[in-house]
Amino acid sequence: MVFSALLVVVAFLYSSGASYRQDYVVLICTYALLALGMYIPFVMSGSLSLAYNAYLGIGAYACAIVSTTYGVSSLWGIPIAVVLSASVAWLLGMATRKLKGFFLAGATLLFGIAFQVFLLDQEQITGGATGMAVRRPSLLGYEFDRTQIMIAGLVLVWAIALLMARLRVSPFGIVVRLRKDVPEVVEASGISTSKISLLSLAVGAGVAALGGSLFGTMSGVAQPGSFELHIVFLAIFMPVLGGQNSPWGAVIGAVIVVVFTFELDILAESGTLVFAIAILLVVRFAPRGILGLLGDLGSLVTRGRKKVAS
């Protein structure tokens, strides 16, 4: 917990002094919330849904519609986006509950594509290809600035990752993980695996919608081009890169993705390719991800100290 809080402080110190760094930090938070949204249903429960670009979009467009169309604070769009995304994920899960593996991924992928088409075609609602403006969030007449939005994003990622880490080792989290590995045992105990899957998908969609709302309020615009399908494919591999045994692995994976694809000038033209190579190397030489590798190194150091002490 202390280490994770230090990471938040480091991110805040990095963002000070240059506005573009605040954009990078918020982008990292957006990707982290997307990866955390996929963590419970995909990593823990084993339900692969590729519709998460839609949940990101719902988050941003909900804030845009309530602030631009109805003239109220974009903060009201956040709970609306969470509830709407969770409901859509539940209904989509009900419609695809008999599908598994490739067929489930394909069906949810089509939904993500259909959502993009909806954003482009329904200009009277979404603004079409140009998108919609998102007004800065305000509360009781006070308008939050970019720094405050960034801090809220950092705290949000920290809190959700911490809650998920505790959820993972809770009785519910153990049941969710058992649903992935031995669903027959879960069913034999009287627990419906389909309901666990639906609940996991709904929670994950709500978390991803928070990422979309954060991105929309920081950038000030919601556009279809910001929620393309390639984001989902990157998010799938974020926990693999960081480590699947902890939600913090998804956060670390998000940091690496943004650094490789946006931050490093030397990788400006090949960041995604470098990320793909990094995934291959991690899968081959560190299957438990970076966190697992650091844990192994820590164990080696501890054993070395004990040998020296003895």
Side-chain angles (χ1 to χ4, degrees), residues 23 26-39 41-42 48-70 74-93 95-96 105 107-137 149 153 156-157 160 201-236 238 254 257-258 261:
D23 292 329
V26 169
L27 187 61
I28 289 173
C29 291
T30 301
Y31 275 49
L33 289 169
L34 173 62
L36 288 170
M38 297 186 72
Y39 187 82
F42 176 49
L48 177 58
S49 172
L50 299 181
Y52 277 78
N53 66 309
Y55 307 139
L56 277 177
I58 289 173
Y61 275 91
C63 293
I65 291 172
V66 300
S67 62
T68 301
T69 304
Y70 295 100
S74 57
L75 286 178
W76 287 104
I78 298 176
I80 293 173
V82 171
V83 173
L84 182 58
S85 295
S87 301
V88 170
W90 185 281
L91 293 174
L92 185 60
T96 59
T108 53
L109 177 65
L110 290 175
F111 179 82
I113 295 174
F115 180 78
Q116 281 190 303
V117 174
F118 171 82
L119 294 180
L120 291 170
D121 290 347
Q122 300 298 319
E123 295 187 15
Q124 69 277 15
I125 300 176
T126 65
T130 58
M132 299 182 66
V134 183
R135 295 182 180 177
R136 289 282 172 81
I149 294 174
L156 188 62
V157 171
I160 291 178
L201 289 169
V203 171
V207 173
L210 290 174
S213 297
L214 175 66
F215 180 82
T217 53
M218 185 64 169
S219 64
V221 64
Q223 293 178 313
S226 301
F227 311 108
E228 296 178 348
L229 289 172
H230 76 276
I231 297 176
V232 181
F233 292 107
L234 288 176
I236 291 175
M238 289 178 194
V257 167
V258 174
T261 55

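A heavy-atom distance below 4.5 Å is not found between the side chains of L156 and C29. Looking at heavy atoms from C-beta onward, I236 lies in side-chain contact with L48 at the 4.5 angstrom threshold. Side chains of L229 and L50 form no contact here, defined as non-hydrogen atoms less than 4.5 Å apart. Put simply, the side chain of Y39 does not reach to within 4.5 Å of the side chain of V203, judged on heavy atoms. Between L33 and V157 there is a side-chain heavy-atom pair separated by less than 4.5 Å. Residues I65 and Y70 form a side-chain contact, since some pair of their non-hydrogen atoms from C-beta on lies under 4.5 Å apart. Taking 4.5 Å as the limit, some side-chain heavy atom of I78 sits within range of a side-chain heavy atom of L75. Residues I231 and Y31 are in side-chain contact: their nearest non-hydrogen atoms beyond the backbone lie under 4.5 Å apart.
Rounding to the nearest 0.5 Å places CD of E228 at 10.5 Å from CD of Q223. The CG atom of L214 lies 9.5 Å from the CG atom of L27; values are rounded to the nearest 0.5 Å. Expressed to the nearest 0.5 Å, how far OG1 of T69 lies from CD of Q124 amounts to 11.0 Å. For the atom pair OG (S85) and CG (L210), the distance works out to 8.5 Å, reported to the nearest 0.5 Å. The distance from the CZ atom of F115 to the OH atom of Y55 is 10.5 Å, given to the nearest 0.5 Å. Atom CD1 of I125 and atom CZ of F118 lie 4.5 Å apart (nearest 0.5 Å).
Between A107 and T96 the shortest heavy-atom distance is CB-CG2, 4.0 Å. The heavy-atom pair separating A60 from G216 by the smallest distance is CB-CA, 4.3 Å.
Of the residues L56, I58, V232, the one that meets the side-chain contact (heavy atoms from CB on, under 4.5 Å) test with F227 is L56.
At least one donor-acceptor pair under 3.5 Å links the side chain of S74 to the backbone N or O of R135. Side chain of Y52 to backbone of L34: no donor-acceptor contact under 3.5 angstrom is found. A distance-only check finds a donor-acceptor pair linking the side chain of T126 to the backbone of L119 [under 3.5 Å].
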Could you go through W90 and L201, starting from their C-alpha distance and side-chain angles, then the distance that decides it, and tell me whether this counts as side chain to side chain contact (heavy atoms under 4.5 Å, CB included)?
CA-CA 7 Å; W90 185 281; L201 289 169; over 6 Å; no
